[in-house]
Amino acid sequence: MNDVLRIFAGIYPEKRSNDIDIDLLNLCVSLLHKNDDAYQRDKDFFMKIGIVIAYHNFVNKFILPCLGSIQDHVENHKFVCVYDNESIHKDNYKVIDICKKTKDFLYIRIDDQHKNGSLTGAWNKGIDLCIQNECELIFIMNDDICINETWKYFVSSINEDNVIYGPITNNPGHAWIDKRKRFSINHLLHRSQKKQYSSTGKNRDEEPVRVGFVNGFCFGCTTTTYLSNRYNDKYYFNPNFPFEGNETEFQLRLFSLEPTDDNQKNKKILSSLTAHNRAVIIPRCFVYHYKNHAWKIGGGRFSEEQFI
């Protein structure tokens with residue numbers, strides 16, 4: 001640091017101004033790298049991230065806790081798009097209030113979600129807004145999740161383009177299984193082989209793990225990844241999958257495979273894949289997932305709690 005002070009004080013008058021600028025730059029870089037962990041934390045903190053969330057009712061059950069967890073645990077500069085897809089919950093004003101009070105939350109009301117493209121429409125338009133707001137990483141989240149202090153590991157692990165990243169969770173739903181180990185002791189004892197599953201409800205102190213695909217409840221990519229893998233000039237995700245199957249079709253294209261118009265067929269293709277370097281799970285990041293099934297025809301899990 002004394003060298004920096006000498007430069008500013010003009011103690012090196014014999015040096016040309018350009019030389020002094022280079023000396024100062026090199027010294028600052030060396031000081032930053034004296035503590036790589038601190039350097040990485042600073043780098044992650046100053047990186048701006050985008051988050052896209054869509055919700056329909058379940059104000060008190062899901063979306064408010066989800067937004068609260070983002071407020072509490074996202075340390076980065078952020079831009080959060082909150083799409084209200086036709087909610088008629090009596091407490092919906094609470095979501096509007098929290099977005100008004102939080103400068104980096106943007107509330108967007110959709111009165112006709114089918115006309116807007118449903119869930120996929122919110123994702124497509126949300127990504128555009130994140131890019132306009134100069135976000136370097138963009139995360140797509142369900143409203144039925146809560147993040148925690150391990151989120152920072154998710155952000156710091158996304159470092160490659162054309163790769164989709166996901167956290168581990170208590171309820172991954174349809175998740176990748178290494179079928180080469182289907183006759184292992186764990187499988188024979190009926191223990192889950194889902195790499196995205198956390199049996200303890202906590203994160204694991206493990207390095208990132210390659211998988212065949214990532215579940216769509218929560219995933220992140222670099223902005224370049226979305227731009228390089230657009231469905232067409234207008235959309236990132238295929239609008240022909242307005243709800244279920246949008247992230248499945250996207251991943252097949254990301255992996256340079258040919259998707260079909262049938263979500264079940266697409267899921268089978270993904271399930272057949274061996275681990276590869278374009279789908280990565282971050283075991284150090286745990287996200288709690290309620291796995292809401294109220295959208296199913298005839299009702300599903302949590303369908304009776306929509307308006308509490």
Side-chain angles (χ1 to χ4, degrees), residues 51-56 58 61-63 65-66 69 85 118-120 122-123 139-148 150-151 154 164-179 181-182 186-187 190-204 208-221 237-238 241-252 254-255 259 262-275 278-283 285-306:
I51 296 175
V52 181
I53 309 172
Y55 76 98
H56 175 73
F58 289 100
K61 180 69 176 181
F62 295 138
I63 187 61
C66 178
S69 72
N85 276 349
S118 303
L119 178 64
T120 300
W123 286 9
F139 298 86
I140 307 291
M141 289 185 181
N142 284 7
D143 64 328
D144 62 342
I145 69 170
C146 285
I147 69 172
N148 53 52
T150 65
W151 181 261
F154 197 3
I164 185 170
Y165 296 83
I168 63 173
T169 183
N170 57 300
N171 200 336
H174 178 65
W176 183 78
I177 297 174
D178 187 348
K179 293 183 178 180
K181 297 183 179 180
R182 60 186 179 274
N186 280 345
H187 182 85
H190 307 290
R191 295 177 182 172
S192 175
Q193 287 296 308
K194 294 180 179 180
K195 296 295 184 182
Q196 205 164 358
Y197 174 65
S198 168
S199 60
T200 63
K202 298 179 181 179
N203 67 332
R204 299 192 298 266
V209 178
R210 293 179 180 180
V211 291
F213 66 91
V214 171
N215 188 281
F217 74 97
C218 179
F219 61 90
C221 301
F237 291 89
N238 186 341
F241 293 91
F243 289 104
E244 189 179 13
N246 40 14
E247 83 281 0
T248 303
E249 194 273 348
F250 173 76
Q251 288 186 71
L252 285 173
L254 176 63
F255 306 156
D262 186 314
N263 182 44
Q264 293 306 314
K265 290 181 179 178
N266 290 341
K267 288 171 71 173
K268 287 182 179 179
I269 296 172
L270 287 183
S271 297
S272 70
L273 300 178
T274 57
R278 290 196 175 185
V280 176
I281 296 302
I282 312 302
C285 178
F286 173 83
V287 168
Y288 187 86
H289 184 204
Y290 286 93
K291 196 167 175 56
N292 182 16
H293 276 173
W295 51 269
K296 289 192 172 183
I297 297 175
R301 186 187 300 118
F302 300 116
S303 59
E304 296 182 2
E305 300 180 56
Q306 187 171 179

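In this structure, the side chain of Asn170 engages the main chain of His289 through a donor-acceptor pair within 3.5 Å. When atom types are taken as modelled, the side chain of Trp176 and the backbone of Leu270 share no donor-acceptor pair closer than 3.5 angstrom. Between the side chain of Asn215 and the backbone N or O of Pro172 there is at least one donor-acceptor pair closer than 3.5 Å. Lys194 contributes a side-chain N or O that, together with a main-chain N or O of Gly173, makes up a donor-acceptor pair within less than 3.5 Å. Between the side chain of Asp144 and the backbone N or O of Asn292, at least one donor-acceptor pair lies under 3.5 Å. Checked by atom type and distance alone, the side chain of Asp262 pairs as donor or acceptor with a backbone atom of Lys265 at under 3.5 Å. A donor-acceptor distance shorter than 3.5 angstrom exists from the side chain of Arg278 to the backbone of Leu254, with no hydrogens or angles considered.
Ring pair Phe213/His174 is parallel by interplanar angle, where below 30° counts as parallel and above 60° as perpendicular. Note: Phe237 and Trp123 have perpendicular aromatic rings, judged against thresholds of 30 and 60 degrees for the angle between ring planes.
A side-chain contact (heavy atoms from CB on, under 4.5 Å) with Pro167 holds for exactly one of Phe219, Phe217, Phe286, Tyr288; it is Phe217.
Scanning both residues, Thr120 and Phe243, for their nearest heavy atoms gives OG1-N, 4.1 Å. For the pair Leu119 and Ala54, the tightest heavy-atom approach, listed with the atom from each and the gap, is CD1-CB, 3.8 Å. Among all heavy-atom pairs drawn from Ser198 and Arg204, the shortest one is CA-NH1, 4.0 Å. Nearest heavy atom pair, residue Val214 against residue Ala279, reads CG2-CB, 4.2 Å.
Thr248 is listed as a side-chain neighbour of Asn263, based on a closest heavy-atom distance under 4.5 Å. Under the 4.5 Å side-chain criterion, counting only non-hydrogen atoms from C-beta, Phe255 is in contact with Leu273.
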From CA spacing to verdict: side chain to side chain donor-acceptor pair (under 3.5 Å), Thr150, Asn148: CA-CA 5 Å; Thr150 65; Asn148 53 52; 2.5 Å; yes
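Rounding to the nearest 0.5 Å places NE2 of His56 at 8.5 Å from CG of Asn85.
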